[in-house]
Amino acid sequence: MNTWIFVVLLGSGLQGAAAVTHSLKYFHTGSSGVPNFPEFVAVGLVDDVEIDHYDSNTRRDEPKQDWMKKVTQDLPQYWETETEKRLGHQQVFKVSIETLKQRFNQTGGVHIFQQMYGCEWDEKTGSTNGFMQFGYDGEDFIAFDLQTATWIAPKPQAVITKHKLDKDKALSASFKNYLTQICPDWVKKYVDYGRSSLLTTERPSVSLLQKTPSSPVSCHATGFYPERATLSWRKDGEELHEDVELGEILPNHDGTFQMSAELKLSSVTPEDWSRYTCVFQLSGVEDIIKNLDKADIRTNEEKNMTVIIAVVVVVLALVLIAAAAVVFVVRKKKEAKCPPSDNSSEASEKLNPQP
């Protein structure tokens, strides 16, 4: 893990999808010197869907999904117990930040200490995997090696912590037991609680969009659910990273999601267009593949032409109306200059013919 994503701790989902894998992840953040933000935040995610939230302002762990309320049917004191755990973590993180500031010779300023831990469970194969890692000020600090039950310290300032933790064999054993046994059991429980919601999928519509002929081509997917989806550009089946800009997953008003991936055309020669494809992937949904084809690209020029045609039609209609009005006025003026004729008797005869 090379990048710590602070916004995740505010409750937004993570991008990524696995075919049959379910996950449970917890993100803890302790902060110092961050204005208008709680000094401690804890968020739990099942399949990248937020299930609970705690912060030092509310001092309560609360469910974020209706189906998470089912947990109290089996464990009536679940939320009280989780709140107590978070209160303990809050105190530990507060002390840890002060310790780390000393290690890095820091005094004031903004500082962030984060922990991510959890596990994955493959529903088909039954295989599991666990992880636990810590970050400080946006960089890796120390991580737990599940295979050896030892700690990895990528920074000199973490070596002291590594030696201390490695000596506590009982603590390492408890971490390993949690990540390989307890955590996967909870994944299964949570998935059962929220199965009707977590396993619901909506297939999106995928379009190729372009502002101008020289602009990047945007592959836009909208209307998909859940949000743990991926969108990528590929060349000859190989995923591209250069000349590709991935957008964020954004919510739609109906509860579904949308996202875009832009491909810069500066490095794409006309004869190579057929080698490029946009691929949308979502667990439970067949991959959607769009070939890079000019005939399929919707552009602003098409919209502009539609607008021009509409404007021309409106103008012609106004001209015809104006012309009709002029003819009507001229005819009225001519009729006003001519002496009126007495057609009353003729009309009377037509309406009342004599026998």
Would Leu100 and His111 count as a side-chain contact (heavy atoms from CB on, under 4.5 Å) here? Give the steps. CA-CA 9 Å; Leu100 290 172; His111 300 286; over 6 Å; no
Closer than 3.5 angstrom, by distance alone: can the side chain of Lys101 be matched with the main-chain N or O of Thr107 as a donor-acceptor pair? yes
Of all heavy-atom pairs linking Tyr193 and Lys70, the shortest is O-NZ, 3.1 Å
Any sub-3.5 Å donor-acceptor pair from Ser172's side-chain atoms to Lys169's backbone N or O? no
State plainly whether one hydrophobic cluster holds both Phe40 and Val92, where clusters connect Ile, Leu, Val, Met, Phe, Trp and Tyr through side-chain heavy atoms under 4.5 angstrom apart. no
Check whether any side-chain N or O of Ser31 sits under 3.5 Å from a backbone N or O of Pro38 as a donor-acceptor pair, and report yes or no. yes
Is the ring centre of Phe141 less than 6.0 Å from the ring centre of Phe134? no
Between Gln90 and Tyr54, is a side chain to side chain donor-acceptor pair (under 3.5 Å) present by the stated rule, with each step listed? CA-CA 10 Å; Gln90 177 180 329; Tyr54 171 94; 2.7 Å; yes
Between Lys290 (side chain only) and Cys278 (backbone N and O only), is there a donor and an acceptor less than 3.5 Å apart? no
With a cut-off of 6.0 Å (strictly less than), are more than 12 heavy atoms of other residues, nucleotides or ligands near CD of Glu245? no
Do NZ/NE/NH1/NH2 and the carboxylate oxygens of Glu98 and Lys94 come within less than 4.0 Å? no
Checking Ser56 side chain against Glu39 main chain: does a donor-acceptor pair fall under 3.5 Å? yes
Just checking Asp236: does its CG atom have more than 12 heavy atoms from other residues, nucleotides or ligands closer to it than 6.0 angstrom? yes
Set out, in order, the CA-CA distance, both residues' side-chain angles and the distance that settles ring pair (Phe, Tyr, Trp, His ring centres under 6.0 Å) for Phe280 and Phe224, then state yes or no. CA-CA 10 Å; Phe280 174 88; Phe224 62 86; 5.1 Å; yes
Determine yes or no for a side-chain-to-main-chain donor-acceptor pair under 3.5 angstrom, with Asp47 supplying the side chain and Val49 the backbone. no
If we ignore angles and hydrogens, is there a donor and acceptor under 3.5 Å between the side chains of Asp52 and Tyr78? no
Heavy-atom side-chain proximity of Gln133 to Asp140 below 4.5 angstrom: no
Separation between CG of Leu87 and CZ of Arg60, rounded to the nearest 0.5 Å: 10.0 Å
Salt bridge present between Asp192 and Arg195 (N-O < 4.0 angstrom): yes
Check this for me, if you would: do Lys235 and Glu238 make a salt bridge, where the nitrogen-to-carboxylate-oxygen distance has to be below 4.0 angstrom? no
Determine whether the side chains of Asp243 and Ser266 contain a donor N or O and an acceptor N or O closer than 3.5 Å. no
Which of parallel (below 30°), tilted (30 to 60°) and perpendicular (above 60°) describes Phe144 and Trp151? tilted
Between Thr81 (side chain) and Gln77 (backbone), is there a donor-acceptor pair under 3.5 Å? yes
Check: Gln210 side chain, Ser215 main-chain N or O, donor-acceptor pair, under 3.5 Å: yes
With a 6.0 Å cut-off on ring centres, are Tyr136 and Phe104 close enough? yes
Using modelled atom types and a 3.5 Å cut-off, is there a donor and acceptor pairing between side-chain atoms of Asp293 and backbone atoms of Ala295? yes
Tell me if a side-chain donor or acceptor on Asn252 pairs with a main-chain N or O of Asp254 at a distance below 3.5 Å. no
Before you tell me yes or no, could you show the steps for Leu263 and Cys219 under side-chain contact (heavy atoms from CB on, under 4.5 Å), namely the whole-Å CA-CA distance, both residues' side-chain angles and the distance that decides it to 0.1 Å? CA-CA 8 Å; Leu263 172 67; Cys219 183; over 6 Å; no
